[in-house]
S.K.: 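I have a structure I would like to understand better, so I am pasting it below and will then ask my questions one at a time.
So that the names make sense, note that chain A is the first sequence line, chain B the second, and so on, each numbered from 1. Since the structure is predicted, the reported quantities are computational estimates derived from the model, not experimental observations.
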4 protein chains.
Amino acid sequence: MNTTDQERGPKFRRRAEARPDEVLDAALELFIEKGFASTRVEDIAKRAGLSKGTVYLYFPSKEALLEGLVRRAILPIADSALTTLHDYEGDPRVVLSMVLTMLAGRFGDPKVMAMPKLIFREAMGFPGLAEMYRREVLDRVLPAVEGLLRRGIEQGYLRQVDPSLTIRSIIGPLMLHVAMAEIFGITPEGGLHMEKLVENHLTILFDGLSAPPSAKQWSAS
Amino acid sequence: MNTTDQERGPKFRRRAEARPDEVLDAALELFIEKGFASTRVEDIAKRAGLSKGTVYLYFPSKEALLEGLVRRAILPIADSALTTLHDYEGDPRVVLSMVLTMLAGRFGDPKVMAMPKLIFREAMGFPGLAEMYRREVLDRVLPAVEGLLRRGIEQGYLRQVDPSLTIRSIIGPLMLHVAMAEIFGITPEGGLHMEKLVENHLTILFDGLSAPPSAKQWSAS
Amino acid sequence: MNTTDQERGPKFRRRAEARPDEVLDAALELFIEKGFASTRVEDIAKRAGLSKGTVYLYFPSKEALLEGLVRRAILPIADSALTTLHDYEGDPRVVLSMVLTMLAGRFGDPKVMAMPKLIFREAMGFPGLAEMYRREVLDRVLPAVEGLLRRGIEQGYLRQVDPSLTIRSIIGPLMLHVAMAEIFGITPEGGLHMEKLVENHLTILFDGLSAPPSAKQWSAS
Amino acid sequence: MNTTDQERGPKFRRRAEARPDEVLDAALELFIEKGFASTRVEDIAKRAGLSKGTVYLYFPSKEALLEGLVRRAILPIADSALTTLHDYEGDPRVVLSMVLTMLAGRFGDPKVMAMPKLIFREAMGFPGLAEMYRREVLDRVLPAVEGLLRRGIEQGYLRQVDPSLTIRSIIGPLMLHVAMAEIFGITPEGGLHMEKLVENHLTILFDGLSAPPSAKQWSAS
DNA sequence: AATGAATGAGGTTTCATTCAT
DNA sequence: TATGAATGAAACCTCATTCAT
């Protein structure tokens, strides 16, 4: 009938293709803020600038939003760091430095950490989610890093360590740093300062906490 | 095994002083399994072997269970590792080894990890909880570790690192190891093997990933 | 009779602007019948031809229904009798006769008496209600009647009485008549017969119970 | 047996006979304060200085408390004013003055008004109560007053009025005075002043509101 | 006679989902 | 495509009542 929605033209549709993404954006924010169970569909709709009913045009249920969120997050991740990681030849410490520095930058961005946090929170309640994320992301990234470490060891760059377990020693500190800040507000003065953390961490990671034997005060001898 | 029909008979259950603790136990399990919002009070009651109403005899609301849980968890934690940490004199690497080994043992126990996981999940929705936990636990433990590191640096045992940031490098790997196992089921073959993780991590933590400069082809054979 | 399927069809019920009023009507009936505490929201909904949830679309809580009821009742009352009362000049007994006759007519209507009855019942539990009703209704009506009596006294129409206390003598009998009927089913044969009550009451109110001193057998002639 | 009621002895029982009355006292207070439905049995027990379970030793249900209350209130009322009312010979105005003065005194006592208020509040929800009270109290008191009026008319003391309806004109003002004070806090300055109300009311009741015809400007001087 | 721990039906309120427009 | 009124299942919480001690 007289559906002159905004400007002109009959049956005018405003960026209808972007709708699902906008809904997912809103859902992600709210799921992070209050958890899946405590987020109301109506709030998601409101934040996306839609009405409640419209959400159900794009997603058949609230849980489908969660699935959609994970699915959307999976796509770009695979391609990003994987190739650079895989193809590299030479000292893996250079790659690790680059990767950690890159990760440090991205961890500061709330949007990047949102998905892991969401998965962490809701994994117990919806086991399918975690499984999907693991299959599509972790099962591809972890072997790549492992391979990098293995080659580094083989080529004499790295000490004889367990590549798989060593991944925890590489990434764990970054995770903990962010988690302490997010959950307890425990940060160095003035902010996350991811670059300082990475610098401190790389020192330890590559050369160890122990003071170098040659110099100054290495205890008794 | 788990049947606590200790004293008189199987039906004798009146005036149990342990009631509140039993309720908290049940609540903790379910909050971990399904999250606070998705856990029904009736389920908590059922798991504790009680009826819905009885839970409200001891706790005025569902949220009070959460508070009670945090409160209960706070008491023993402070005293446990703190004294050993504080009083020690000498090579801090010995202490760190001991502490990490101890932590590794306790992290394997689901009951020990339950509270941190719960706090992690629900912190956003109930900021008071996280604040309380931080004030009573972290604000006491972290400075102690920091002091240990600082003394280690002063006495020449440790390299010149940022003590506060270094804590992330010490603990983070353990956290990540447990988290990967819990959430994604990613473990070394056959189980958590915390002792292996700690061994691998301590090697890196103290001496670094880099191969010792002397023997370039240490892994040659 | 009571089926308000007025406009289109029997199933057409969307976007009724009158919804809140219909809910209040149902609530009032039930609050009178069974009291606020013993009335279930579901019953209110059912009587209004709605589902439980729909009631909460219009009123945020059960108590808000009570407030809405009082608020709605307040508006029309003030204006009705006030103007006629205020502007009148001359023998106040004429006005009082008119007002009492009018009141008698309205007291017979259950809808008119519903609010005072409700306030009476629930005032103790919700002091705010009574206060609001008093401020908006009684504090405006009582002074007007008092003024009428005061002028009547000044102009020599009425005996020297306390205007404020006399209001009780004017209205009290009507209230008691209705209350006895409502609560105990005590009525003159065949019904309330408000007009007979008013006639009897006005006789006493104006001329007193005492027989006229002159003629001992007043009804003889 | 060993009924050492007050001081010592094993299986000590304190004034066990007065218990039901104490429970009823507590119940009456609370029913008045908050209504029957909103009063918890536990609160009644607490106010009576007992435990919840003990209340059920004396009354089989909460509703039985209501019945017990009405039953208890009925006994003394019948005998009190009835005889004096019935036997009196002579000017009924003297009796009415006495009765109203007496009533005025008792209406000021909260304990006396408690039962009527309670009946008023809960009558709709428990029709049996009102019926019992009416049968035992009103059906005996009202005819007595009616008889008094009828005799007063026959003997020429009173004007020809409807005795039954006139009862409303006699008692109504007192009821309204108390009700306004209780519910809305509307009292003459400084308190109920029942004696002033009765004085003002009796003037009107016996001689009417109208100024005496002889002296038009009675208040002139 | 007295207690108070325990129960569970029933009430208020929320919110995912549907559907007429 | 979009809306938002309407629904009703399910959750939290209360409290009358029971019963072992």
S.K.: What's the separation between atom CG in L69(C) and atom CG in L129(C), rounded to the nearest 0.5 Å?
M.R.: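 Rounded to the nearest 0.5 Å, the CG-CG separation comes to 9.0 Å.
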S.K.: List for me each residue that meets ring-ring contact (aromatic ring centres under 6.0 Å, His included) alongside F120(A), sequence neighbours excluded, and say none if there are none.
M.R.: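 Partners of F120(A) under the ring-ring contact (aromatic ring centres under 6.0 Å, His included) test: F120(B).
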S.K.: Can you list the residues that meet the side chain to side chain donor-acceptor pair (under 3.5 Å) rule with T54(A), with sequence neighbours excluded?
M.R.: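 Result, side chain to side chain donor-acceptor pair (under 3.5 Å) vs T54(A): S51(A).
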S.K.: Using five pairs at each end of the helix from dA2(E)-dT21(F) to dT21(E)-dA2(F) to define an axis, what is the angle between those two axes, to 10°?
M.R.: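 Answer rounded to 10°: the end axes differ by 10°.
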S.K.: Specify the separation, in whole Å, of atom CG of D43(C) and atom C1' of dG11(E).
M.R.: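 Going from D43(C) (CG) to dG11(E) (C1'), I get 11 Å.
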S.K.: Please list residues of residues 30-41 of chain B whose heavy atoms come under 4.0 Å from any atom in DNA chain F, ordered by number; otherwise none.
M.R.: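 Result for residues 30-41 of chain B: T39(B), R40(B), V41(B), sorted by number.
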S.K.: Please tell me which of the listed nucleotides, dC12(F), dT3(F), dT3(E), lies nearest to the side chain of Y56(B)?
M.R.: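 Among the listed nucleotides, the one closest to the side chain of Y56(B) is dC12(F).
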S.K.: Do any pairs count as a side-chain hydrogen bond (donor to acceptor under 3.5 Å, both in side chains) and have a residue in residues 113-132 of chain D, sequence neighbours left out, and if so which ones?
M.R.: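 Residue pairs passing side-chain hydrogen bond (donor to acceptor under 3.5 Å, both in side chains), neighbours aside: K117(D)-E182(D), E131(D)-R135(D).
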S.K.: Among the candidates dG8(E), dA5(F), dT18(F), find the nucleotide nearest to the side-chain atoms of Y58(C).
M.R.: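 The nucleotide sitting nearest to the side chain is dA5(F).
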S.K.: Can you tell me how far P of dT3(F) sits from CG of L57(C), to the nearest Å?
M.R.: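 Taking CG of L57(C) and P of dT3(F), I get 17 Å after rounding.
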S.K.: Once side chain to side chain contact (heavy atoms under 4.5 Å, CB included) is applied, do any residues pair with R40(C), and if so which ones, sequence neighbours excluded?
M.R.: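 Counting only residues at least two positions away or on another chain, R40(C) forms a side chain to side chain contact (heavy atoms under 4.5 Å, CB included) with D43(C).
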S.K.: Could a donor-acceptor pair under 3.5 angstrom be found where the side chain of K52(A) meets the base of dT3(F)?
M.R.: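 Checked by distance alone, the answer is no.
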S.K.: List in chain and number order the residues that pass side chain to side chain donor-acceptor pair (under 3.5 Å) with E33(D), two or more places apart in sequence or in another chain; answer none if no residue qualifies.
M.R.: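 Here the qualifying residues are R47(D).
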S.K.: Measuring from atom CD1 of I44(A) to atom CG of D25(A), what distance do you get when rounded to the nearest 0.5 angstrom?
M.R.: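 Reported value, rounded in 0.5 Å steps: 11.5 Å.
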S.K.: Taking the nucleotide of DNA chain F with the nearest heavy atom to each, does T54(C) or E42(B) sit closer to the 5' end?
M.R.: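 Looking at the nearest nucleotide for each, T54(C) comes out on the 5' side.
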S.K.: Using whole Å, report how far NZ of K46(B) lies from C1' of dA6(E).
M.R.: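 Atom-to-atom, K46(B) to dA6(E), this comes out as 16 Å.
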S.K.: Report the residues that fulfil salt bridge (charged side-chain N to carboxylate O under 4.0 Å, His left out) with E67(A), sequence neighbours left out, ordered by chain and then residue number.
M.R.: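 Scan of E67(A) (salt bridge (charged side-chain N to carboxylate O under 4.0 Å, His left out), adjacent residues dropped) gives R71(A).
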S.K.: Just to verify, what does F126(D) make a ring-ring contact (aromatic ring centres under 6.0 Å, His included) with, not counting sequence neighbours?
M.R.: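 Testing F126(D) for ring-ring contact (aromatic ring centres under 6.0 Å, His included), a comparison that skips the adjacent residues, returns F36(D).
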S.K.: Just to verify, what does F59(B) make a side chain to side chain contact (heavy atoms under 4.5 Å, CB included) with, not counting sequence neighbours?
M.R.: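 If we apply the side chain to side chain contact (heavy atoms under 4.5 Å, CB included) test to F59(B), skipping adjacent residues, the hits are P20(B), V23(B), L24(B), A64(B), L65(B).
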S.K.: Name all residues meeting the side chain to side chain contact (heavy atoms under 4.5 Å, CB included) criterion together with S38(D); count only those two or more places apart in sequence or in a different chain, and write none if there are none.
M.R.: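 In terms of side chain to side chain contact (heavy atoms under 4.5 Å, CB included), with neighbours along the sequence ignored, S38(D) is linked to A37(C), K34(D).
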S.K.: Tell me, which of residues 60-72 of chain D have any heavy atom that sits under 4.0 Å from an atom in DNA chain F?
M.R.: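 Per residue number, the list reads S61(D), K62(D).
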